[in-house]
Structure formats: C-alpha cells, structure tokens
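Worksheet: one structure, shown below.
All values derive from a computational prediction rather than experimental measurement. Numbering starts at 1 and runs along the sequence shown. Only heavy atoms go into these numbers, but all of them, side chains included; no hydrogens, no water, no symmetry mates.
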Amino acid sequence: MPLEKMFVSDARDAAHVGKTVLIQGWIRTRRDSKGGFSFLEINDGSCMGNIQVIADADLANYKDEIQRLSAGCSVAIEGEVKASEGKQATEIQASQVTVLGWADDFPLQKKRHSFEKLREWAHIRARSNTFGAVARVRNQICQSIHQFFHENNFLYVHTPIITASDCEGAGEMFKVTTLDLDRLAKSGGPVNYEYDFFDKPSFLTVSGQLEAETYATALGRVYTFGPTFRAENSNTSRHLSEFWMIEPEAAFFDLADDMALAESFLRKILSDVLNRCDEDLQFFDQRIQKGLIESLRKVAETPFQHMTYTDAIKVLENCGESFEFPIAWGTDLQAEHERYLTEKHVAGPLILTDYPSTIKPFYMRLSDDRKTVAAMDVLVPGVGEIIGGSQREERLDVLTQRMAEMDLREEDYWWYLDLRRYGTVPHAGFGLGLERLVQYTTGMANIRDVIPFPRTPGNAEF
C-alpha cells in the first residue's frame, strides 16, 4: 500500500501524529548530533514553518548521503509523524531518506541576503522565507478577488493585451510590431504601418477598462484581471513596467455604488488574508513592518471616511505641515499628502471624491459644476492611494467634448462612443494594481519584491 503523501503544512498538525507518511521538499538546515543522528529541517513551500526530521545513523545512506546534505538539496522522506518535545507540535522519525537533487554551493545560505541581492537570484528567491511568504499572500489575494466578484454576480472577462487604444491618454505605452527595426533605422524614412501586422500602430495595454465597459453594457457586471504594461522610465520603489490590474465595471452604478463596492472589496481581501495567512503575516509583522497586522485589521474593520478633493486641499493648506510638493487646487495629490490625510487627519481609510476634471482622464463623468468629475480614490494609511475609480461619462455629447479638449480623435474610439449611442446607461468602475495591494498587505517596501519576475527599465531578466 503506497504511503500517504503529505504537505509539510499538514504534517505539522498534531492531528496526524501516528501516521506513516511521505513528505517531499528542500533542506533548509542539517544539524548532526553526537548521539548518532541528524536533525533535518524540511520545507516544501506549503507554509512558512519547516518540519523537523530525525534521521538515525542506522539508515543505510546515513554516512554517504544524509551527512552530506546541505541547504537547497531536495529530498523525499518516509517516516512516522510523532509528537515533538520541542517548540514545534510534531516531527518525523525517518525510516528512509532519498536524495533527489544535490545543491552544492547553493547561494541561499542561512545568513541574511539583501532584497537587492535576491533580485539577482529571482529564479531561486522564492525558496527564502520572505519570498515564499509573499507568494502565499499574493495567491490568497488572487483567490479572494475571484471569490468576491463571483459572490457579487460579476462575470470574469478577458480583455486584450494588444490594443490600439490609449486608455490613460499618457502615451507611455510599449509598441507592438513585426517590422524589421534594423531595416527601418537604416532607411531613415517614416514608418508605413500598412506593412505592419495590425495595419496600424499597436501597443501593449495599460488598462482593460474601455473593453470591460463594452461587456458591462451587455452583461451588467464584469471584471478584468490580467497583465498591463506601462513604458514609464521610472526606477522608483512604486513602479513596474509589467503589472497586474483588477478592474470591475458595473452598469447602472453611480459613484456612490462604486465607492461601496470598493470598500467592501478591500475589506474582503484584507479579512481573508488576516484569517488565512496568519503565520506569514506574523513573519512580516516581526521582520518587515512592525504593527502590520494591527494596521491591516484596522482598515478591514473601520468604516471608510469620505471627503471631497476640495475639502482635502483646505485641510492640507491649513494643517501646518511642511510638504515637499506644494498644495494648490487643481494639482494632483502626492503620496505625502494622501498619507497625511489617512495617518494624521482621519487616522484610517479615506475615500476622496470630486477631483478637478483637468487632472483626470476623459472617460470620467463631468459634474454639474463643469470643473470636477465623479471620481474617487481610496486611500489607506502607510501607502496613500490604493484604488482609483469613477462613474463613467455616459452622455455622448459631453464625452465627445471632453475628448476634443484632450486632443483625442473620435475615429480612434468609434466603438467606445457607440456604447453611448446604443442604449447608454450610468455605469462605474475602478482599478486596483495587484502588486500595490500585495505590497501594502505584506509591508514590503519595494514593489519589485512582490511580483515573481519584475520588469523595470533596463531589466527583463529571467
């Protein structure tokens, strides 16, 4: 009868004491005892903690193999789960240790490595405590996102990665082409897109929002969840060139509905992580950001406060704080301003609304004052903005006027305008960068450390 395969996360549970099992994983440490046996610490990625394996000297391969084991070696362990006399609940008394792969000179030794150094080893950094924990939290967030939208009657739709539309209007997009660039450079002439694959300038998308609106105006409630790209030449700790976005769109939603959705969404995600990733969060709280769990729980349990952009400007102008960036109505708020509002003024999560139309994209609904739009940003302590959204402009005449003001050609968005011609409805949505949320939830300081293989200016390694 084959042995029961068991994850380390399960083998650490005292409920399995007495079972004979097979675990498979990687050696974290080996310690030899003078009593004629070795302690092996094994991890398989299923949890933060290791399980201790006791390998006696009478095992057939004890001297030749077990005493040669080092960090990084992969092994299969057969043995009995026993109650432990140490700090852990259980340990395994090995009846057989099979070495699957040696790891001489394995880079990740017990000493601490800087996160900068670990980025050079992105192919193996997930075996470290920190990056294993990041991966598990990221996974839980993704699972919760899909569950939340499923429970709220949103359909998951896949929007294109290759597009001819610039949703944000910033122009910082990666071009997609099959043209021979070396030949073009030598010719020195203008690009003739008739010879290109898509017959027009095409790009990697910065957002699936516009396409999601087409499905929202047919199916009611939809969301996208996929990779997006931005060719912004920025090397800050908050920017990536490739990142994942979650973007719900809902027909018959106004700004109030959008804010309620964003609040319940964020509460759900944080609550699930707090309830299901306790061991990993304890690690982040102790090693990465003191007080992390308390701050996450506060956002998950505290009702979000609301304030208009105009009122926020007044607060910032009169607060007596010295900011690096000046405060003035009509300018976008910086992270330092948003953090002051959340950390000192309201001491909790905050939703800002009614931003000046001049600093927001063309698709946001113009307010009756003609100066502001029905936009909202969700701000949280420690980070600032984490969600940005709006009620979308459903009036054809107003939308075309806004596009003209921003020098956008109607013929490039003919299909988007059709949504306003054929049964237009009020609708709203928001965008959330997955990596920004993982960064906030784990306390990791650099966004490059919350995605498996970061893409940044000058870096497309792995």
Step by step, would you call Phe154 with Phe148 a ring pair (Phe, Tyr, Trp, His ring centres under 6.0 Å)?
-> CA-CA 9 Å; Phe154 281 75; Phe148 172 85; 7.3 Å; no

Are [X] and [Y] close enough that their ring centers fall under 6.0 Å?
| X | Y | result |
| --- | --- | --- |
| Tyr156 | His158 | yes |
| Phe197 | Tyr195 | no |
| Phe225 | Phe149 | no |

Kindly indicate, with the supporting measurements, whether the criterion side chain to side chain donor-acceptor pair (under 3.5 Å) is fulfilled by Gln334 and Glu338.
-> CA-CA 6 Å; Gln334 302 298 317; Glu338 295 168 341; over 6 Å; no

Between the side chains of [X] and [Y], is a donor N or O closer than 3.5 angstrom to an acceptor N or O?
| X | Y | result |
| --- | --- | --- |
| Glu213 | His427 | yes |
| Arg448 | Asn235 | yes |
| Thr90 | Asp13 | no |
| Glu435 | Gln439 | no |
| His146 | Tyr223 | yes |
| Ser207 | Glu247 | yes |
| Asn129 | Arg112 | no |

Contact list for residues 97-106, test side chain to side chain donor-acceptor pair (under 3.5 Å), sequence neighbours left out = Gln96-Thr98

Listed once per pair and sorted, the side chain to side chain donor-acceptor pair (under 3.5 Å) pairs that draw on residues 339-352, sequence neighbours left out = Glu321-Lys344, Arg339-Glu343

Exactly one of Asn275, Val438, Asp272 clears side-chain contact (heavy atoms from CB on, under 4.5 Å) with Gln140, and that residue is Asp272

Between [X] and [Y], does at least one N-O distance fall below 4.0 Å, as a salt bridge requires?
| X | Y | answer |
| --- | --- | --- |
| Asp377 | Lys360 | yes |
| Arg12 | Glu279 | yes |
| Arg30 | Asp32 | yes |
| Arg392 | Glu249 | yes |

More than 12 heavy atoms from other groups under 6.0 Å of [atom1] on [X]:
| X | atom1 | value |
| --- | --- | --- |
| Glu294 | CD | no |
| Tyr62 | OH | yes |
| Phe229 | CZ | yes |
| Lys268 | NZ | yes |

Begin from the C-alpha positions of Thr159 and Thr205 and carry the test side chain to side chain contact (heavy atoms under 4.5 Å, CB included) through to its verdict.
-> CA-CA 9 Å; Thr159 52; Thr205 186; over 6 Å; no

Please list, chain by chain and in numerical order, all residues satisfying salt bridge (Lys or Arg N to Asp or Glu O under 4.0 Å) with Asp449, sequence neighbours excluded.
-> Arg119, Arg125

I would like to know whether Asn446 and Glu116 meet side chain to side chain donor-acceptor pair (under 3.5 Å); could you show each step before the answer?
-> CA-CA 10 Å; Asn446 197 309; Glu116 290 81 3; 5.9 Å; no

